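Take a look at the structure below.
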Amino acid sequence: MTAHLLTINQQLKSHQLRRVLLLEDNDVNRMLLSDYLSYYGYNVQGLSKGSTFFSTIEKFQPELMLLDLKLPDIDGYSLLEQIQKKPSLSKIPIIVVSAFAFKADQERAMRLGARHYFVKPVNLKNLILTIQEEFTERYV
């Protein structure tokens, strides 16, 4: 048990201050995810609209992005396409967190550059593990 707790503590320290950009239009979902990720030591910038997405990326310089596909002002698939056209952004891992549950939606997002796809309601433990894996793969 102690060894397991030490491992978790080491993992928490290893990703402190890693920047995660969260694009989610639902206020409750955005607050929940932001608080949960902050609790695990991530520096989270939350956005409710896609209109400020690219300017926020320039300022915040995220190391990972969480993206909802259904946004009020822009289609999440369109954002994925735009990201892939920019070499500096296409290297940033993107995890889609969406209510779109059809396999075709998942396949389309993955074709457009998403690394992982979670259907809402998301299992927060699995999301954290996936984020940790992304950072481990990226920095090992």
Side-chain angles (χ1 to χ4, degrees):
M1 178 72 167
T2 303
H4 182 67
L5 290 175
L6 287 173
T7 303
I8 290 173
N9 192 32
Q10 288 170 340
Q11 289 175 345
L12 290 175
K13 287 181 180 178
S14 73
H15 70 257
Q16 286 180 337
L17 303 179
R18 297 249 168 97
R19 295 175 308 280
V20 176
L21 181 61
L22 168 61
L23 185 52
E24 166 63 64
D25 64 315
N26 181 286
D27 293 337
V28 173
N29 288 345
R30 190 175 57 258
M31 190 172 27
L32 172 70
L33 285 170
S34 181
D35 287 351
Y36 191 75
L37 293 171
S38 294
Y39 173 80
Y40 278 92
Y42 293 101
N43 180 5
V44 181
Q45 173 73 50
L47 295 177
S48 61
K49 296 181 181 176
S51 58
T52 58
F53 182 72
F54 289 103
S55 62
T56 301
I57 286 176
E58 286 181 31
K59 293 175 194 164
F60 185 63
Q61 298 183 351
E63 298 170 84
L64 184 137
M65 292 184 264
L66 296 176
L67 174 66
D68 185 11
L69 294 176
K70 189 172 186 334
L71 301 166
D73 59 340
I74 190 166
D75 177 32
Y77 295 114
S78 174
L79 276 179
L80 283 170
E81 288 173 344
Q82 291 176 48
I83 290 166
Q84 292 311 308
K85 291 178 183 174
K86 298 178 186 270
S88 62
L89 301 182
S90 65
K91 296 177 180 134
I92 301 171
I94 299 171
I95 299 173
V96 170
V97 179
S98 178
F100 297 158
F102 291 110
K103 187 173 182 173
D105 294 311
Q106 180 177 354
E107 290 171 349
R108 181 177 178 199
M110 301 298 269
R111 271 195 318 273
L112 293 172
R115 298 279 294 266
H116 302 276
Y117 194 103
F118 285 86
V119 176
K120 295 176 186 174
V122 66
N123 179 314
L124 294 174
K125 182 179 177 183
N126 288 342
L127 179 63
I128 284 292
L129 290 172
T130 300
I131 291 171
Q132 289 173 344
E133 286 173 13
E134 278 298 327
F135 280 125
T136 301
E137 289 175 15
R138 190 168 183 199
Y139 294 105
V140 170

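The structure displayed is predicted, hence computed values, not measured ones.
- If you chain together hydrophobic residues whose side chains sit under 4.5 Å apart, L66 and Y36 fall into the same group.
- Side-chain contact check for I131 versus Y40: every heavy-atom pair is 4.5 Å or farther apart.
- To the nearest 0.5 Å, atom CG of residue L124 and atom CG of residue L32 are 5.5 Å apart.
- Counting heavy atoms from C-beta outward, L71 and L79 have side chains that approach closer than 4.5 Å.
- Both I83 and F100 belong to a common hydrophobic cluster when Ile, Leu, Val, Met, Phe, Trp and Tyr are linked at side-chain heavy-atom distances under 4.5 angstrom.
- Using modelled atom types and a 3.5 Å distance limit, the side chains of S78 and Q82 yield a donor-acceptor pair.
- Of the candidates L47, L80, I95, L80 is the only one forming a side chain to side chain contact (heavy atoms under 4.5 Å, CB included) with L67.
- Linking Ile, Leu, Val, Met, Phe, Trp and Tyr residues whenever their side-chain heavy atoms come within less than 4.5 Å leaves L69 and L64 in two separate clusters.
- Residues G113 and Q84 come closest through the heavy atom pair CA-NE2, 3.7 Å.
- Residue V20 is not grouped with residue I94 when hydrophobic side chains (ILVMFWY) are merged at heavy-atom distances under 4.5 angstrom, including chains of intermediate members.
- No side-chain heavy atom of I92 sits under 4.5 Å from any side-chain heavy atom of L21.
- Residue pairs meeting the salt bridge (Lys or Arg N to Asp or Glu O under 4.0 Å) criterion with at least one member in residues 120-133, sequence neighbours excluded: E24-K120, D68-K120.
- By the 4.5 Å heavy-atom criterion applied to side chains, H116 and E134 are counted as neighbours.
- R111 is linked by a salt bridge (Lys or Arg N to Asp or Glu O under 4.0 Å) to nothing, counting only residues two or more places apart in sequence or in another chain.
- The side chain to side chain donor-acceptor pair (under 3.5 Å) contacts involving residues 86-110 comprise Y77-D105, where partners must be two or more places apart or lie in separate chains.
- Of all heavy-atom pairs between V119 and A99, the closest is CG1-O, 4.5 Å.
- Linking Ile, Leu, Val, Met, Phe, Trp and Tyr residues whenever their side-chain heavy atoms come within less than 4.5 Å leaves M31 and M65 in two separate clusters.
- Rounded to the nearest 0.5 angstrom, L33 CG and Y42 OH are separated by 13.0 Å.
- With R115 contributing its side chain and P93 its backbone, the two residues share no donor-acceptor pair below 3.5 Å.
- With sequence neighbours left out, the side chain to side chain contact (heavy atoms under 4.5 Å, CB included) criterion links S34 to L22, S38, V44.
- Here N126 pairs with F118, N123, L129 under the side chain to side chain contact (heavy atoms under 4.5 Å, CB included) rule; sequence neighbours left out.
- When side chains are defined from C-beta on, R30 counts as touching S48, because their heavy atoms get closer than 4.5 Å.
- Contacts of E81 classified as side chain to side chain contact (heavy atoms under 4.5 Å, CB included), with partners at least two apart in sequence or in another chain: L112.
- With E63 contributing its side chain and R19 its backbone, the two residues share a donor-acceptor pair below 3.5 Å.
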